[in-house]
Amino acid sequence: MKPLLVLNALFTAACAVSNAEEMQTQERLFITSLGLSARPSPAAGPRQERRVPAALWQMFRRSRELRGQDSESCLVSEYGVRGNIIRYVQDQGRLVSGWGSSCQGCVEKHLFFNLSVLQPVEELSLARLELQFHWGVFRSPEFFLGPQALGVSLYKVVRATLRGANHEANRRLLLSQSVQLQPEPTSLKLDLTSLAENWRKPGRNYGLVLELQPHSAASEELLPFRPGNSLSMQPTLPEIQASLVAVSLNPHQCRSRRRRSAVHLPVTPSNVCKPRRLYIDFKDVGWQDWIIAPQGYMANYCHGECPFPLSESLNGTNHAILQTLVHSLDPHGTPQPCCVPIRLSPISMLYYDNNDNVVLRHYQDMVVDECGCR
């Protein structure tokens, strides 16, 4: 008996390995269909610690509210452009200088946004730069020194040379304005769609240079940034948050949202072809670390027989009707038609991509709404 037990154990182990490989293959196929090169591994930690832009949360909730309506899934009404993918591309640049640069008293920061995350098929509809400055010196009332202003200059880098991105010969001015400092965060937004489209070409993305210069709002007197703590009577180095909101359209995944009836599926037992309830929990497949929302969804599936004669409720084609007729005459030689999805609807997903960017994307054909015999 021992050899048989050994063979049985080896067969069981081989089957387990085969099943694991098959699951990995299926996972890779699905990940690729989502436009990802591999399964994301966010560095931000558990779901509760992640920071998702409020605007994306609002758009995600709105897309869920539109599930029961006939609507255009490829229009981002919040920005007034066509698209089905919204990304918050994070800045990968670095601080060029702090308290000593070509501009005396300035702070210069190199901004870089990796647009290779967009697939070649995607059409860029909007690229908007969003800058936010946090002024820690003003968090307590005793440190608020009265009206102050910040000179903000933004340059596009046109070439890469040994002189560096912050050299005047290598950059062109995009924006120059004065911003009033307030105790709460200060924001700036700038449309960079045409520039970002150029960045998508190989070897053309050299990034941006952000230059900050504080001064008195009343006298325009320059106030140099100072290192050290916030007890100094000048502004300290601000915390700068920069992101590029990229809205793009994948034309192959753009159809109207159809009215969904999946939540009203019948629960009475039956062997006839119809939609069956199937809830997919992303935690069960180990994807809860990179899919932010939803945590799961009602996907459903089709199951059941297509008996002769096919009733109108089974949504059979003329071919299926004839096949059931032949099957009734020759059940061993001709199979019944198959019970398959004939109407599906999309869902919206909020997740982290392979570069840890937050992405909101609308995916077609994710929910089975109706089944038929084919």
Side-chain angles (χ1 to χ4, degrees), residues 11-53 56-57 59-61 63-64 66-67 73 84-88 90 117 119 122 250 252-253 255 257-258 260-265 267 274-304 338-371:
F11 179 76
T12 303
C15 288
V17 172
S18 177
N19 290 337
E21 291 177 348
E22 181 64 24
M23 289 180 64
Q24 290 176 357
T25 300
Q26 293 297 322
E27 182 184 67
R28 282 196 297 270
L29 289 173
F30 182 73
I31 293 296
T32 302
S33 72
L34 297 185
L36 301 171
S37 59
R39 175 172 158 175
S41 299
R47 181 191 302 270
Q48 298 89 332
E49 298 176 6
R50 299 177 184 170
R51 183 180 180 275
V52 178
L56 277 188
W57 274 121
M59 283 186 276
F60 174 74
R61 295 188 182 105
S63 68
R64 290 170 67 90
L66 293 175
R67 282 182 180 177
S73 64
N84 49 13
I85 309 170
I86 303 100
R87 294 179 176 90
Y88 265 67
Q90 299 303 306
V117 296
Q119 297 175 289
E122 293 180 39
N250 185 332
H252 302 312
Q253 299 176 344
R255 294 195 298 276
R257 286 198 182 104
R258 297 173 178 175
R260 178 174 299 180
S261 57
V263 294
H264 304 299
L265 295 182
V267 294
K274 66 179 180 181
R276 315 286 171 151
R277 294 176 183 271
L278 171 63
Y279 181 80
I280 294 180
D281 190 328
F282 291 126
K283 188 175 182 180
D284 291 341
V285 292
W287 292 352
Q288 76 281 1
D289 59 336
W290 61 275
I291 295 182
I292 303 169
Q295 298 182 20
Y297 76 103
M298 190 69 74
N300 305 324
Y301 68 99
C302 291
H303 181 72
C338 296
C339 180
V340 297
I342 62 170
R343 187 164 67 89
L344 300 102
S345 55
I347 68 168
S348 298
M349 289 175 57
L350 191 61
Y351 62 92
Y352 284 90
D353 68 7
N354 300 116
N355 290 275
D356 225 16
N357 301 313
V358 183
V359 183
L360 174 62
R361 188 166 181 171
H362 307 299
Y363 291 103
Q364 298 289 340
D365 302 337
M366 294 287 281
V367 177
V368 173
D369 291 334
E370 194 173 351
C371 301

Which heavy-atom pair separates [X] from [Y] by the least distance, and what is that distance?
| X | Y | value |
| --- | --- | --- |
| Asn300 | Val368 | ND2-O, 3.2 Å |
| Lys274 | Cys339 | N-SG, 3.8 Å |
| Pro294 | Arg64 | CB-NH1, 3.6 Å |
| Glu122 | Val117 | OE2-O, 4.4 Å |
| Gln295 | Asp281 | O-OD1, 3.5 Å |
| Glu27 | Arg39 | OE2-NH1, 3.2 Å |

In this structure, is the centre-to-centre distance between the rings of Phe30 and Trp287 below 6.0 Å?
yes
Do side-chain atoms of Gln90 reach the backbone of Tyr88 as a donor and acceptor pair under 3.5 angstrom?
yes
Between Arg276 and His303, is there a donor-acceptor pair closer than 3.5 Å when you use the side chain of the first and the backbone of the second?
yes
By side-chain hydrogen bond (donor to acceptor under 3.5 Å, both in side chains), which residues pair with [X], not counting sequence neighbours?
| X | value |
| --- | --- |
| Asn357 | Asp353 |
| Arg28 | Thr25 |
| Ser37 | Asn354 |
| Tyr363 | Tyr351 |

Within the 4.5 Å heavy-atom criterion, are [X] and [Y] side-chain neighbours or not?
| X | Y | value |
| --- | --- | --- |
| Asp369 | Leu344 | no |
| Val359 | Leu350 | no |
| Met366 | Pro346 | no |
| Leu278 | Tyr297 | no |
| His362 | Ser63 | yes |
| Asn250 | Arg361 | yes |

Under the criterion side-chain contact (heavy atoms from CB on, under 4.5 Å), I'd like the reasoning laid out for Ile31 against Trp290: C-alpha separation, chi angles, the key distance, then a yes or no.
CA-CA 12 Å; Ile31 293 296; Trp290 61 275; 3.6 Å; yes
I need the [X] [atom1] to [Y] [atom2] distance, nearest 0.5 Å.
| X | Y | atom1 | atom2 | value |
| --- | --- | --- | --- | --- |
| Ile347 | Asp365 | CD1 | CG | 11.5 Å |
| Gln119 | Ile85 | CD | CD1 | 6.5 Å |
| Leu29 | Gln24 | CG | CD | 12.0 Å |
| Tyr279 | Met298 | OH | CE | 8.0 Å |

State whether cysteine residues Cys302 and Cys371 meet the disulfide criterion of an SG-SG distance below 2.5 Å.
yes
Taken in chain and number order and not counting sequence neighbours, the residues that satisfy ring-ring contact (aromatic ring centres under 6.0 Å, His included) with Tyr301 are none
